[in-house]
Every structure is written in C-alpha cells, then in structure tokens.
J.: 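The structure's right below; bear with me while I get my questions together.
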Amino acid sequence: MFTQQKMTFNLGLLLATIAGIWTIVHIILAFAGNTTNIYWNEGLIILFVLALILAFVQYAEERTDLKKISTTERFPEPTIARFFTGSTGSSPLWFVVRMFVGAEWFLAGYEKVISPAWGTSGKAIAGFVAGALAKTSGANPSVQGWYASFLQNFVQPNA
C-alpha cells in the first residue's frame with residue numbers, strides 16, 4: 001500500500017511539474033510576441049484529465065479514512081467533497097487549474113498594460129465606465145449604486 005501511495009504522489013508531482021513548466025513556456029512565448037497559443041489549451045486539458053484520474057485513484061485510497069472522520073453535524077459533508085476541499089490527494093488537480101487560470105489572468109492583464117487603447121489615452125476604460133453608468137437607472141439596474149459611485153468618483157476622473 002505504501003508503494004502505491006508513493007507512486008501516486010510521484011505521479012502528482014510529475015503532473016504539477018509539467019503543468020508549471022508548460023505554463024511558464026506559454027507565458028514566455030506570449031511575452032516574445034507569439035500569439036498562436038499552439039497546443040496551450042489542449043495540453044492543459046490533457047494534464048487536467050490526467051490529474052483528475054489521479055485524484056480519483058487517490059480518493060479511492062483515502063475514502064475509508066475520510067469516512068472515519070466523525071462529525072456532529074446533522075447533514076455531514078460528503079466524503080468526495082471532503083476529499084476535493086481538504087485532502088492533499090487532490091492538490092495536483094487544483095495546481096493544474098490554478099496554473100491555467102493564473103496564466104490567463106496574467107496574460108489578459110499584460111495585454112491591457114501594453115495596449116494603446118488601455119494605456120495613456122484611456123478610451124477603453126472611459127467607454128467601459130460610460131456603459132456601466134448607463135445601466136444604473138431604471139426599475140432593475142444592472143449596476144449597483146456603490147459601484148456606480150466608485151466608477152463616477154474615482155475611475156472616471158482618473159481614466
């Protein structure tokens with residue numbers, strides 16, 4: 001049993017390492033101006049599926065231990081939810097997800113920083129603020145009052 005747990009740990013570490021390297025290479029290529037994203041999404045989907053399979057193998061190993069945890073709650077949390085939110089066996093899966101989301105958010109922010117529309121002219125942010133402020137009135141406004149106040153008093157003058 002110990003060797004199987006060690007093997008799943010090593011596989012998880014391998015998947016996390018590949019996901020990290022894959023993400024770093026993707027970010028470096030994006031900085032270099034390569035906008036093709038060749039196999040970026042496909043590679044991370046494959047890594048995600050492999051990490052998900054590994055997580056379910058780990059869950060099968062830890063399930064009996066997770067069931068032993070006593071709780072005084074009237075409706076106890078299911079063991080699979082306890083596994084995915086509180087066990088280290090699911091960490092490779094969450095690492096792959098974090099790498100994907102983090103890289104996408106980072107690159108989207110980077111595009112805004114280098115884009116002339118988001119840069120010194122402020123046209124994009126001014127258009128966003130004008131569109132959001134137009135949605136603050138009516139019977140069912142889409143934009144809340146506190147957010148409209150923030151946009152009007154802080155963002156719009158500094159666009």
J.: Hey, could you give me the CD1/CG distance between Ile24 and Leu29, rounded to the nearest 0.5 Å?
T.: 12.0 Å

J.: Could you give the distance from CD1 (Ile45) to CG (Leu52), rounded to the nearest 0.5 Å?
T.: 12.5 Å

J.: State yes or no: do Phe48 and Leu14 share one hydrophobic cluster built from I, L, V, M, F, W and Y residues joined by side-chain heavy-atom distances below 4.5 Å, directly or via other members?
T.: yes

J.: Honestly curious: do Ile28 and Leu107 fall in one hydrophobic cluster under the side-chain, below-4.5 Å linking rule?
T.: no

J.: For residues Gly12 and Pro92, report the shortest heavy-atom separation together with the two atoms involved.
T.: CA-CG, 3.5 Å

J.: Would Leu93 end up clustered with Leu11 when hydrophobic side chains under 4.5 Å apart are linked, directly or stepwise?
T.: yes

J.: Which heavy atom of Ser90 sits nearest a heavy atom of Ser87, and at what distance?
T.: OG-O, 3.2 Å

J.: Considering residues at least two apart in sequence or located in another chain, which fulfil the side chain to side chain contact (heavy atoms under 4.5 Å, CB included) criterion with Tyr110?
T.: Phe31, Ile114

J.: Kindly give the heavy-atom pair with the smallest separation between Leu151 and Pro157, and that separation in Å.
T.: O-CD, 4.4 Å

J.: Under the side chain to side chain contact (heavy atoms under 4.5 Å, CB included) test, which residues partner Phe100, sequence neighbours left out?
T.: Trp40, Asn41, Leu44, Glu104

J.: Do any side-chain atoms of residues 79-86 form donor-acceptor pairs under 3.5 angstrom with protein atoms, and if so which ones, sequence neighbours left out?
T.:
residue: Thr79; atom: OG1; partner: Tyr59; partner atom: OH; Å: 2.8
residue: Arg82; atom: NH1; partner: Leu66; partner atom: O; Å: 2.4
residue: Arg82; atom: NH2; partner: Glu77; partner atom: O; Å: 2.8
residue: Thr85; atom: OG1; partner: Ala81; partner atom: O; Å: 2.7

J.: Not counting sequence neighbours, which residues clear side chain to side chain donor-acceptor pair (under 3.5 Å) with Asn140? List them please.
T.: none

J.: Please enumerate all residues that pass side chain to side chain contact (heavy atoms under 4.5 Å, CB included) together with Leu15, with sequence neighbours excluded.
T.: Leu47, Leu50, Ala51, Leu54

J.: Show me the side-chain donor-acceptor pairs of residues 129-138 shorter than 3.5 Å, one per line, residues at least two apart or across chains.
T.:
residue: Thr136; atom: OG1; partner: Leu133; partner atom: O; Å: 2.7

J.: Under the side chain to side chain contact (heavy atoms under 4.5 Å, CB included) test, which residues partner Ile21, sequence neighbours left out?
T.: Thr17, Val25

J.: Can you get from Val49 to Phe56 by hopping between Ile, Leu, Val, Met, Phe, Trp and Tyr side chains that sit under 4.5 Å apart?
T.: no

J.: Tell me whether Phe95 is reachable from Ile46 by hopping between hydrophobic residues (I, L, V, M, F, W, Y) whose side-chain heavy atoms are closer than 4.5 Å.
T.: no

